[in-house]
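Reviewing the structure listed below.
Every chain is numbered from 1 and lettered A, B, ... according to where its sequence line falls, protein lines coming before strand lines. Every heavy atom of this structure was used, including side-chain atoms; hydrogens, water molecules and symmetry mates were not.
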Number of protein chains: 2
Amino acid sequence: MIEYSSQPHYLVAVDCIVFGFDGAHLKILLVKRGIEPEINKWSLMGGFVGANESPDDAANRVLKKMTGLEGVYLEQMQIYGEPKRDPIERTLSVGYFALIDIHKYEAQLNTDYEAEWFLIGERPKLIFDHDQMVADARKKLRYKASLHPILFEMLPKQFTLPQLQNLFEEVNDTKMDTRNFSRKITSTGLLIKLEEKDRSSSKKGAYYFKLDKKKYKAKFQAFLNLIPNLKN
Amino acid sequence: MIEYSSQPHYLVAVDCIVFGFDGAHLKILLVKRGIEPEINKWSLMGGFVGANESPDDAANRVLKKMTGLEGVYLEQMQIYGEPKRDPIERTLSVGYFALIDIHKYEAQLNTDYEAEWFLIGERPKLIFDHDQMVADARKKLRYKASLHPILFEMLPKQFTLPQLQNLFEEVNDTKMDTRNFSRKITSTGLLIKLEEKDRSSSKKGAYYFKLDKKKYKAKFQAFLNLIPNLKN
DNA sequence: AAATTAATTGTCAAAATGACATTTAATTAT
DNA sequence: ATAATTAAATGTCATTTTGACAATTAATTT
């Protein structure tokens, strides 16, 4: 008969893949690891699950501690539990991906941790199985973003259509037709056009939009067809 | 400074929500729990993650042990980690849902465990947070099945269109138009029509179909639009 | 031979999609 | 002042997909 007492116990951790968008490119936030082993190597933001918190609590705590941000969009991805994944001692890690507005982060930067944004394609090699986690997170981000409007979580309050399209293109590693993208995204009813223009990126300037938060909440679970089915 | 040695250690378990389909209704496979606490209450199939196995390994082992089946469709759902979810000792559980062909199971039934199929709507109350897990699994099953052809995993080698439609309707808790369903499912190219008919459920008889496994693999990741967008 | 039962199949109008290029609004250069 | 430049914004059309809708077929039972 199986009993609790005879069963092995393990460390349980969380690791967060933090995505951001600078208006042109998708970025990922990494930290220099503060403990042995692999101290001072680049790693995901992570920490152990404490005695009185759930893994979700732990992920939120870690994010708050390292970025200063609360209420961040956070989604549980999967558990990483290969017996040998941590060389010191068996540790299972719950992977999360987080989407944050890069500007909010800069405003609240916590300098106790050596954190740095990297272009997604130019990130350093990470410790343990963190590279696999990043690959999985990108896949899951792409999957989810093709059905639900989560990418707005990475945008500032005001954004332009070209920025939004850039974001979609970065996440999906593809190019889209401007006219079709504009039509589709407009037809969701999620956008409110503002009077002001962003003149920083062109002579003509691009109109700012903001998110209609009521419709965002209402339509979040409905499957939106945001990515075109490319032929060829 | 955080160190491994000072961190708490926990039990880690897996729990499997096993779905099946009897040709008319969606069912769930439950077992009578063999250990304290809550011994002899109905529960999900589960077990602790052993020292030399990953959670995925553990889930497969548990399923093999309790149903005799290998190679079952198994998908990691999420981790359940509220500090107090197990009253004896802190235990985190990785939830999986499994889709099995109910006929294969009956052929290999392992009678060492008191396992029983329940209609999804007539299942007994379960221990701990297992009712929540079932609710989450149903939601995830519905989500995934609306995009990918996973429901075929619950069907025998030969099945009829009316059976297939029943399955979709059960999972999505809805009714569909026969003509539109037939058109959509046929247009995926996943079905091969057989010559034989199933005469058990009607006078006319319904043609058997089988799954085109090559196309199933090839199209699995492509988003199929299998559930209609109901108006009203 | 008629009634019954469930399976199978077709049409049509509306909506969504994908492919495609020109015009517009502003600044910068001549 | 005018022309050149740059990126933003916008429209059309043919094709495909969708959703709503009911009659016919193949067999058994009465």
Identify which nucleotide among C:dA7, D:dT10, D:dA8 has an atom closest to any side-chain atom of A:P162, counting heavy atoms from C-beta outward.
D:dA8

Just how far, in rounded Å, is P of C:dA7 from NZ of B:K193?
13 Å

Whole-Å distance between C:dA19 P and A:M176 CE?
13 Å

Quiz question: going by heavy-atom distance under 3.5 Å, is there a donor-acceptor pair between the base of C:dA16 and the side chain of A:N225?
no

Assess the residue pair B:Y143 and A:F223 against the criterion (ring pair (Phe, Tyr, Trp, His ring centres under 6.0 Å)); give the C-alpha distance rounded to whole Å, side-chain angles, the decisive distance to 0.1 Å, and a yes or no.
CA-CA 10 Å; B:Y143 188 98; A:F223 288 172; 5.1 Å; yes

Between OH of A:Y207 and C1' of D:dA9 the distance, given in whole Å, is 10 Å

Pair A:Y80 + A:F128: ring centers closer than 6.0 Å:
no

Find the distance A:Q165:CD to D:dA7:P and express it as a whole number of Å.
14 Å

Atom-pair distance (CG on A:L226; C1' on C:dT17), nearest Å:
14 Å

Please work out if B:S201 contacts a base, only the sugar-phosphate, or nothing of the nucleic acid, heavy-atom cut-off 4.0 Å.
sugar-phosphate

Roughly how many Å is it from CG in A:N180 to P in D:dA14, rounded to a whole number?
16 Å

So for B:R183 and D:dG19, does any side-chain atom that can act as donor or acceptor lie under 3.5 Å from a complementary atom in the base?
yes

Checking C:dT8, D:dA7, D:dT10 against the side chain of A:S202 (C-beta onward), the nearest is D:dA7

Checking side-chain polar atoms at under 3.5 Å, does B:Y216 have a donor or acceptor matched by the opposite partner on B:E153?
yes

Under 3.5 Å, is there a donor on one side chain and an acceptor on the other for B:S200 and B:D198?
yes

Enumerate the residue pairs fulfilling salt bridge (charged side-chain N to carboxylate O under 4.0 Å, His left out) with a member in residues 116-142 of chain B, sequence neighbours excluded, ordered by first and then second residue.
B:R85-B:D129, B:K125-B:D131

Between A:Q76 (side chain) and B:I79 (backbone), is there a donor-acceptor pair under 3.5 Å?
yes

Distances for protein N or O near nucleotides 22-26 of chain D N or O, under 3.5 Å:
| unit_1 | atom_1 | unit_2 | atom_2 | d |
| --- | --- | --- | --- | --- |
| D:dT25 | O2 | B:K204 | NZ | 2.9 |

When rounded to whole Å, the NZ to P distance for the pair A:K175 and C:dA19 reads 16 Å

Tell me the interatomic distance from B:L164, atom CG, to C:dT8, atom P, rounded to whole angstroms.
12 Å

Between B:F181 and B:F168, is the ring centre distance below 6.0 Å?
yes

